[in-house]
Student: 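Dropping the structure in here first, questions after.
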Amino acid sequence: MPELPEVETVTTELRNHILGKRFTDVHINRYKLRITIPAFLSELVNNQKITKIQRQAKYILIYLDNEYVLVLHLGMSGKILINPKEPSRKHDHVIFTLNNNHKIIFNDPRRFGLVTIIHNLDLAHSKLFAKLGPEPLSSEFNSRYLLNAIKKRVMPIKTTIMNNQVVVGVGKIYSCESLFRSGISPLRKANTLTVKEAEKLVVAIQQTLQDAITAGGSSLKDYVNTSGDAGYFQNNLRVYGKANQLCDVCNTIITNIRQSGRSTFYCYTCQC
DNA sequence: AGACGTACCTGACCGC
DNA sequence: TGCGGTCAGGTACGTC
C-alpha cells in the first residue's frame, strides 16, 4: 500500500540505481493498467538517458534526455523491483533494462497503478497533474492555505485531507495518524476547524510523513529485492489498523468507522 | 464548486 | 478442500 513516504523511498532508490543511465529495452507484458500504456512509449524511452528522477504527489517522474517524462504510479498494490533475484513473477507488467544491466520492474496485481509518458512541457497541464493541490512537505502547505482550502467544505476533515485537490499524498494511513497526532476527530466537518487546529494538523501531517520517510530511509538498504512491505513505519502507527486495541495515550479502545466507504481509525477520547 | 456514488481490480479472508 | 461472497482503497468520472 504505497503512500507518499513509500513513493519517496522508491524514488530515492531509483535515483541511486539508475540516474544518469540509459534505457536499452522496454518490455511491456500488459498495456491495460489504470490508463492504457501509450503504444509509442517504448520508442520514446529507448536509448534515452535519465537526467532527473523526482516524486510529485504519489507519482514518480523519470526525466529523459529527449524532454519526455516517464510517469509511474503504484496505485494500491504496485511495486518497483530493482534487479529482483527471481526471474519473473505474476503481474510484472513492464520491464525496463538499462545500460548498466539493471532491470527495473513495474509489478502491480490490482492494476490501479499506471505507466505513461508525457512531454516535459505538457506535464503541468496534463490531466494527471493539473488539479493537484500542494505538496504536504512544501512551505506552500501551511495553516493559512489549509484554512482557505477547507473553509467551504462541509465534508469530514478526514475525507477532506485525503482529497488530492486540497493536499496531495495523504492517504488512508497518514490521514488517520495525523488526525490522531493533532487531536482532531475525523468526523469534524472541515469548515469547523479553528486556526489553532489547522496549525496543529499541518504540523501533524508534515511530521507524520517525515517520520515515515525517515523510517523508510533507514530500511533503504533492505528495500531492493524485497516486496516493499517489510519493515517501515508499521511499528509507529498509533491508530491505523488498531481497531479494538487500546489508545497509547488514554487506554480508550480505538474505534473503526467507515467514512465515504473507507475505514477510519481513531480514539474518541483523544480526538474531538 | 463541491458532494457523492460508482467503477476499476486481485488477493486475502471468511463461512459453509 | 474448495468455493463463492465480501472487503480493501487511490483515483477518475458522471451527475446533481
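In what follows, every chain begins at residue 1, and chains take the letters A, B, ... in the order their sequences are listed.
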Student: Taking DNA chain B as the partner, which of residues 105-126 of chain A come within under 4.0 angstrom of it by heavy atom?
Tutor: A:Pro109, A:Arg110, A:Arg111, A:Phe112
Student: Using a heavy-atom cut-off of 4.0 Å across all strands, would you classify A:Lys90 as base, sugar-phosphate, or nothing?
Tutor: sugar-phosphate
Student: In plain terms, say whether A:Arg111 and A:Asp108 are close enough for a salt bridge, that is, a side-chain N and a carboxylate O under 4.0 Å apart.
Tutor: no
Student: If I compare all heavy atoms of A:Cys267 with all of A:Val239, which pair ends up nearest, and what's the gap?
Tutor: N-CG1, 4.4 Å
Student: Going by the side-chain contact (heavy atoms from CB on, under 4.5 Å) test, name the single residue among A:Leu4, A:Thr12, A:Val7 that passes it with A:Ile213.
Tutor: A:Leu4
Student: Provide the start and end nucleotides, 5' to 3', of the part of DNA chain B that has atoms under 4.0 Å from heavy atoms of chain A.
Tutor: B:dG2 to B:dG11
Student: Mark up nucleotides 11-16 of chain C, 5' to 3', with B wherever a protein heavy atom is under 4.0 angstrom from a base atom, S wherever such an atom reaches only the sugar-phosphate, and - elsewhere.
Tutor: BSS---
Student: Taking A:Gln259 for the side chain and A:Pro156 for the main chain, is one N or O donor matched with an acceptor at less than 3.5 Å?
Tutor: no
Student: Under a 3.5 Å distance rule, please check whether A:Asp25 uses its side chain to pair with a backbone N or O of A:Thr97 as donor and acceptor.
Tutor: no
Student: Just report the end-to-end axis angle for the helix from B:dG2-C:dC16 to B:dC16-C:dG2, five pairs per end, to 10 degrees.
Tutor: 40°
Student: Is there a donor-acceptor contact under 3.5 Å from the side chain of A:Glu199 to the main chain of A:Ser143?
Tutor: no
Student: Could you check whether atom CD of A:Gln245 has more than 12 heavy atoms from other residues, nucleotides or ligands sitting under 6.0 Å from it?
Tutor: yes
Student: So does A:Arg144 have more than 12 non-hydrogen atoms from other groups sitting under 6.0 Å from CZ?
Tutor: no
Student: Has A:Tyr174 got a side-chain N or O lying under 4.0 Å from the OP1 or OP2 atom of C:dG9?
Tutor: no
Student: At under 4.0 Å between heavy atoms, what does A:Ser260 touch on the DNA or RNA strands: base, sugar-phosphate, or nothing?
Tutor: nothing
Student: Can you measure A:Lys158 atom NZ to C:dG10 atom C1' for me and round it to whole angstrom units?
Tutor: 12 Å
Student: Does A:Ile173 form a side-chain contact (heavy atoms from CB on, under 4.5 Å) with A:Thr208? I'd like the steps, not just the answer.
Tutor: CA-CA 10 Å; A:Ile173 296 176; A:Thr208 310; over 6 Å; no
Student: Would you mind telling me which of A:Val71, A:Ile50, A:Ile104 makes a side-chain contact (heavy atoms from CB on, under 4.5 Å) with A:Ile62?
Tutor: A:Ile50
Student: For A:Arg181, is there an ion pair with A:Asp211 - N to carboxylate O distance below 4.0 angstrom?
Tutor: yes
Student: With a 4.0 Å cutoff (strictly under), does any side-chain N or O of A:Lys172 reach OP1 or OP2 of C:dG10?
Tutor: yes
Student: Taking only residues two or more places apart in sequence or in another chain, which ones pass side chain to side chain donor-acceptor pair (under 3.5 Å) with A:Tyr63?
Tutor: none
Student: My understanding is that only residues two or more places apart in sequence, or in another chain, count here; which of them pass ring pair (Phe, Tyr, Trp, His ring centres under 6.0 Å) with A:Phe265?
Tutor: A:Tyr240
